[in-house]
Novice: 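Provided herewith is a single structure, encoded as structure tokens, for subsequent inquiry.
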Amino acid sequence: MSGGVLYLIACAAGPTRYLDRGIARAREAGWRVCVVLTPSAARWWEPRVAELAEMTGHPVRSQYKLPHEADALPRADAMLVAPLTTTSACKWAAGITDTLALGLPAEGVHLGIPVTAAPFWNTALGAQPAVERALDNLRAQGVHVVHGPGEPHTPKQGDTTAFWDTALHALT
């Protein structure tokens with residue numbers, strides 16, 4: 001599937017530093033991209049968030065809107081949570097939607113929107129038993145979980161270059 005509106009939801013992990021590459025590849029595949037960041041990922045991009053908005057033509061969101069505010073983004077046809085961290089995976093699977101980046105896919109998958117998650121974490125963090133249980137829980141809800149080559153990776157050895165190709169390929 002491509003050609004619709006893709007919510008690209010990024011957590012604070014290595015590939016997020018190259019989110020502009022992910023956006024460019026998604027656009028090349030025909031997606032209209034809207035970016036949503038976890039609060040930590042938003043801090044990483046804070047000095048350059050205007051670049052992401054310019055690339056997508058939409059504001060970059062990282063917080064819930066206020067009740068009196070209109071929706072700033074068009075309705076999603078698909079969502080890609082990439083990179084997904086262990087913290088966000090465990091919170092999402094437990095139904096903790098304290099951030100917009102977790103609330104949108106948690107709600108979206110139950111509204112029939114295709115949701116894909118591309119984890120990016122090291123073997124030490126992934127060894128926590130709660131992490132695999134979280135992924136199983138997300139899969140049971142209908143989330144398509146895709147691991148790229150070498151994931152999980154040994155600490156400090158993740159391939160941030162190949163990540164976006166793998167994550168976006170999972171959408172087709």
Side-chain angles (χ1 to χ4, degrees), residues 1-13 15-16 18-46 48-85 87-120 134-135 137-148 163-172:
M1 174 183 182
S2 66
V5 174
L6 174 67
Y7 282 12
L8 180 51
I9 302 169
C11 305
T16 300
Y18 309 103
L19 184 58
D20 48 346
R21 294 181 193 169
I23 293 167
R25 290 193 175 116
R27 292 188 62 198
E28 289 166 7
W31 291 101
R32 288 179 44 216
V33 180
C34 297
V35 173
V36 178
L37 303 171
T38 63
S40 293
R43 285 185 53 220
W44 291 13
W45 274 92
E46 188 176 345
R48 298 177 49 212
V49 75
E51 291 176 39
L52 300 178
E54 187 175 324
M55 285 183 78
T56 64
H58 298 285
V60 175
R61 299 284 311 279
S62 61
Q63 296 182 15
Y64 282 109
K65 68 179 184 67
L66 297 175
H68 66 276
E69 295 176 327
D71 287 335
L73 303 176
R75 185 181 186 285
D77 295 303
M79 296 182 189
L80 173 61
V81 184
L84 175 65
T85 62
T87 299
S88 290
C90 291
K91 286 172 65 174
W92 177 11
I96 300 170
T97 58
D98 60 339
T99 67
L100 180 64
L102 294 179
L104 288 171
E107 184 178 59
V109 72
H110 297 290
L111 292 172
I113 298 170
V115 177
T116 299
F120 187 88
L135 292 180
N137 184 320
L138 293 174
R139 287 184 191 102
Q141 294 179 56
V143 176
H144 176 60
V145 178
V146 58
H147 289 278
F163 177 82
W164 290 110
D165 291 330
T166 302
L168 290 163
H169 180 72
L171 294 174
T172 60

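Computed over heavy atoms, backbone and side chain alike; hydrogens, waters and symmetry mates excluded.
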Novice: Answer whether the closest heavy-atom distance between the side chains of Asp71 and Lys65 falls below 4.5 Å.
Specialist: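 Result yes, sub-4.5 Å side-chain heavy-atom pair found.
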Novice: List for me each residue that meets side-chain contact (heavy atoms from CB on, under 4.5 Å) alongside Arg27, sequence neighbours excluded, and say none if there are none.
Specialist: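 Listed in chain order: Ile23, Val33.
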Novice: Rounded to the nearest 0.5 Å, what separation is found between the OH atom of Tyr7 and the CG atom of Leu73?
Specialist: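 Reported to 0.5 Å precision, the distance equals 4.5 Å.
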Novice: For residues 48-59, which side-chain N or O atoms pair as donor and acceptor with protein atoms under 3.5 Å away, sequence neighbours left out?
Specialist:
residue, atom, partner, partner atom, Å
Arg48, NE, Glu51, OE1, 3.3
Arg48, NE, Glu51, OE2, 3.0
Arg48, NH2, Glu51, OE1, 3.0
Thr56, OG1, Leu52, O, 3.1
Thr56, OG1, Ala53, O, 3.4
Thr56, OG1, His58, N, 3.2
Thr56, OG1, His58, O, 3.1

Novice: Can you pull the salt bridge (Lys or Arg N to Asp or Glu O under 4.0 Å) pairs that have at least one residue in residues 35-44, sequence neighbours excluded?
Specialist: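 Found none.
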Novice: For Thr116, enumerate each residue passing the side chain to side chain donor-acceptor pair (under 3.5 Å) test, keeping only those at least two apart in sequence or located in another chain.
Specialist: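 Here no residue qualifies.
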Novice: How long is the gap from CD1 on Ile9 to CG on Leu80, to the nearest 0.5 Å?
Specialist: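 Taking CD1 in Ile9 and CG in Leu80, the distance rounds to 8.0 Å.
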Novice: Could you give the distance from CZ (Arg75) to SG (Cys34), rounded to the nearest 0.5 Å?
Specialist: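 Taking CZ in Arg75 and SG in Cys34, the distance rounds to 12.5 Å.
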Novice: Does Gln141 have any side-chain contact (heavy atoms from CB on, under 4.5 Å) partners at least two apart in sequence or in another chain, and if so, which?
Specialist: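 Gln141 satisfies side-chain contact (heavy atoms from CB on, under 4.5 Å) with Val109, His110, Asn137, Leu138 once adjacent residues are dropped.
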Novice: Which heavy atom of Pro119 sits nearest a heavy atom of His147, and at what distance?
Specialist: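 Looking at all heavy atoms of both residues, the closest pair is CG-CE1, 3.7 Å.
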Novice: Applying side chain to side chain contact (heavy atoms under 4.5 Å, CB included) to Leu19 and Leu8, what does each step give before you reach the verdict?
Specialist: CA-CA 9 Å; Leu19 184 58; Leu8 180 51; 3.6 Å; yes
Novice: Who passes side-chain contact (heavy atoms from CB on, under 4.5 Å) against Glu46, sequence neighbours left out?
Specialist: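 With neighbours one apart ignored, the set is empty.
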Novice: Between Arg32 and Val5, is there a side-chain heavy-atom distance shorter than 4.5 Å?
Specialist: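 In short, these two side chains touch, coming nearer than 4.5 Å.
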Novice: Shortest non-hydrogen contact from Ala10 to Thr16?
Specialist: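 Nearest heavy atoms, Ala10 then Thr16: CB-OG1, 4.0 Å.
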Novice: Can you pull out every salt bridge (Lys or Arg N to Asp or Glu O under 4.0 Å) where at least one residue sits in residues 138-148? Sequence neighbours excluded, please.
Specialist: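 Output for this query lists Glu132-Arg139, Asp136-Arg139.
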Novice: Listed by chain and number, what are the ring pair (Phe, Tyr, Trp, His ring centres under 6.0 Å) partners of Phe163, not counting sequence neighbours?
Specialist: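 Ring pair (Phe, Tyr, Trp, His ring centres under 6.0 Å) list for Phe163, sorted by chain: Phe120.
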Novice: Looking at every non-hydrogen atom in both residues, tell me the closest pair between Asp77 and Gly4 and how far apart they are.
Specialist: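 That closest heavy-atom pairing would be OD2-CA, 3.2 Å.
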Novice: How would you list, by chain and number, every residue that makes a side chain to side chain donor-acceptor pair (under 3.5 Å) with Asp165, sequence neighbours excluded?
Specialist: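 Side chain to side chain donor-acceptor pair (under 3.5 Å) list for Asp165, sorted by chain: Arg25.
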Novice: With a 4.5 Å limit on heavy-atom distance, are the side chains of Val60 and Trp45 in contact?
Specialist: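 No, every pair of side-chain atoms sits at 4.5 Å or beyond.
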Novice: Out of curiosity, Leu168 CG to Glu28 CD, how far, rounded to the nearest 0.5 Å?
Specialist: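 It is 9.5 Å, given to the nearest 0.5 Å.
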Novice: Any donor-acceptor pair under 3.5 Å linking the side chain of Trp44 with the backbone of Ala12?
Specialist: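 It does not hold such a pair.
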Novice: Applying side-chain contact (heavy atoms from CB on, under 4.5 Å), name anything that partners Thr85, two or more places apart in sequence or on another chain.
Specialist: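 Listed in chain order: Cys11, Ala13, Thr87, Ser88.
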Novice: Is Leu84 close to Trp92 at the side-chain level, that is, under 4.5 Å between some pair of heavy atoms?
Specialist: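 They are in side-chain contact.
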Novice: What pairs of residues pass the salt bridge (Lys or Arg N to Asp or Glu O under 4.0 Å) test when at least one of them lies in residues 88-113, not counting sequence neighbours?
Specialist: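 As it turns out, the salt bridge (Lys or Arg N to Asp or Glu O under 4.0 Å) pairs with a partner in residues 88-113, which skip direct neighbours, are Lys91-Asp98.
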